[in-house]
Amino acid sequence: GPYFGGFLSGATLSLCIYALNNLSGAHVNPAITIAFWLLGRISRNLVPLYILAQVTGSIIAGFAVNAVIGVEARLGLNAPSHDVSYFEALMVEIYVSATMMLVILLSYNERFEFLKPVFIGSIVMFNIWLFGSEFGASMNPIRALGPSLFFPEYWKVTWIYQFGPVLGCSLIAFLHRSSSNEQSV
């Protein structure tokens, strides 16, 4: 259910951050990559390379999951429940992505550096627990991309999980940048 899936997603993300942070900054989410570019934390030249790697990884993972478990892979797809409108799902996706981005930015403090992966994995886990079964709660555009390639019936909702994370993370980046500029004046 969503509790086990939320735990697995959060724990996997935490481990990826621990393993990849020193190598690549652990950029496994294009919404965060774009937000970091908006904040001036990564070069514009790196953004297309990161996104190409992220999309490629998602497609390879989608093929692998489909090859291993077949149609049961559909259980891991992001989709709103039948009683949730697309607009509601998009608003929740923006919200959960914004909370994730907020935790990411607030955990960039030398005092908390060693706990950063735990904080980020935990907010992903809690967001999936709270919103996953009703609203999808992807928080990552490529998380929804690769698996959905095999299930055309989900293509009508995949856009929610493509745009929602980018909008939520970018919103927090703009607000953070604005507040940082005001504080430095």
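Counting begins at 1 with the first residue of the sequence. Source: prediction; values computed, not measured.
The environment of CZ in F151 is crowded: more than 12 heavy-atom neighbours from other residues, nucleotides or ligands sit within 6.0 Å. In the displayed structure, Y95 atom OH is contacted under 6.0 Å by at most 12 heavy atoms of other residues, nucleotides or ligands.
A chain of hydrophobic side-chain contacts below 4.5 Å, direct or via other Ile, Leu, Val, Met, Phe, Trp or Tyr residues, connects L167 to F87. Neither L52 nor I42 shares a network with the other; the hydrophobic side chains, linked directly or stepwise wherever heavy atoms of I, L, V, M, F, W or Y lie under 4.5 Å apart, form separate groups for each. The hydrophobic cluster containing L115 also contains V103, counting ILVMFWY residues as joined when their side-chain heavy atoms lie under 4.5 angstrom apart, directly or transitively. Criterion: ILVMFWY side-chain heavy atoms under 4.5 Å apart, direct or through other members. Under it, V47 and L49 are part of a common hydrophobic cluster. F174 and L106 fall within a single hydrophobic cluster, where Ile, Leu, Val, Met, Phe, Trp and Tyr are joined by side-chain heavy atoms under 4.5 Å apart, directly or via other members.
With values rounded to the nearest 0.5 angstrom, T33 atom OG1 is found 7.0 Å from Y50 atom OH. Taken to the nearest 0.5 Å, the CD1 atom of I94 stands 11.0 Å off from the CD1 atom of I172. In this structure, CD in E88 is found 8.0 Å from CG in D83, a value given to the nearest 0.5 Å. One finds the CD atom of Q162 at 5.5 Å from the CG atom of L145 (value rounded to the nearest 0.5 Å). Summarising the geometry, atom CG belonging to L102 is positioned 12.5 Å from atom OG belonging to S97; distances are rounded to the nearest 0.5 Å. Here W129 contributes atom CH2 and S9 contributes atom OG; the two are 11.0 Å apart, rounded to the nearest 0.5 Å.
Closest approach of C169 and I32 over heavy atoms only: SG-CG1, 4.1 Å. Closest approach of A79 to V157, counting heavy atoms only: CB-CG2, 4.2 Å. Across all their heavy atoms, Y161 and A137 have their closest contact at CE2-N, 4.1 Å.
E72 places no side-chain N or O within donor-acceptor distance of the main-chain N or O of I69, the cut-off being under 3.5 Å. S179 contributes a side-chain N or O that, together with a main-chain N or O of H176, makes up a donor-acceptor pair within less than 3.5 Å.
M100 has its side chain out of reach of L105: every pair of non-hydrogen atoms, C-beta onward, lies at least 4.5 Å apart. For the pair L90 and W159, the minimum side-chain heavy-atom distance is below 4.5 Å. Residues M139 and I128 are in side-chain contact: their nearest non-hydrogen atoms beyond the backbone lie under 4.5 Å apart. At a threshold of 4.5 Å between non-hydrogen side-chain atoms, the residues Q54 and V28 do not count as touching. Counting only heavy atoms from C-beta outward, the side chains of V84 and S81 approach each other to under 4.5 Å. Residues V96 and M101 fail the side-chain proximity criterion, which asks for heavy atoms closer than 4.5 Å. When side chains are defined from C-beta on, E93 does not count as touching F135, because their heavy atoms never get closer than 4.5 Å. In this structure, N29 and I142 have side chains that are not in contact, with every pair of non-hydrogen atoms separated by 4.5 Å or more.
Sorted pairs that involve residues 145-158 and meet side-chain hydrogen bond (donor to acceptor under 3.5 Å, both in side chains), not counting sequence neighbours, are lacking altogether.
Listed by chain and number, the residues in a side chain to side chain contact (heavy atoms under 4.5 Å, CB included) with V166 are A31, I34, P141, S170 (sequence neighbours excluded). Judged as a side-chain hydrogen bond (donor to acceptor under 3.5 Å, both in side chains), and not counting sequence neighbours, the contacts of N127 are T99.
Side-chain polar atoms of N140 and S138 form no donor-acceptor pair below 3.5 angstrom.
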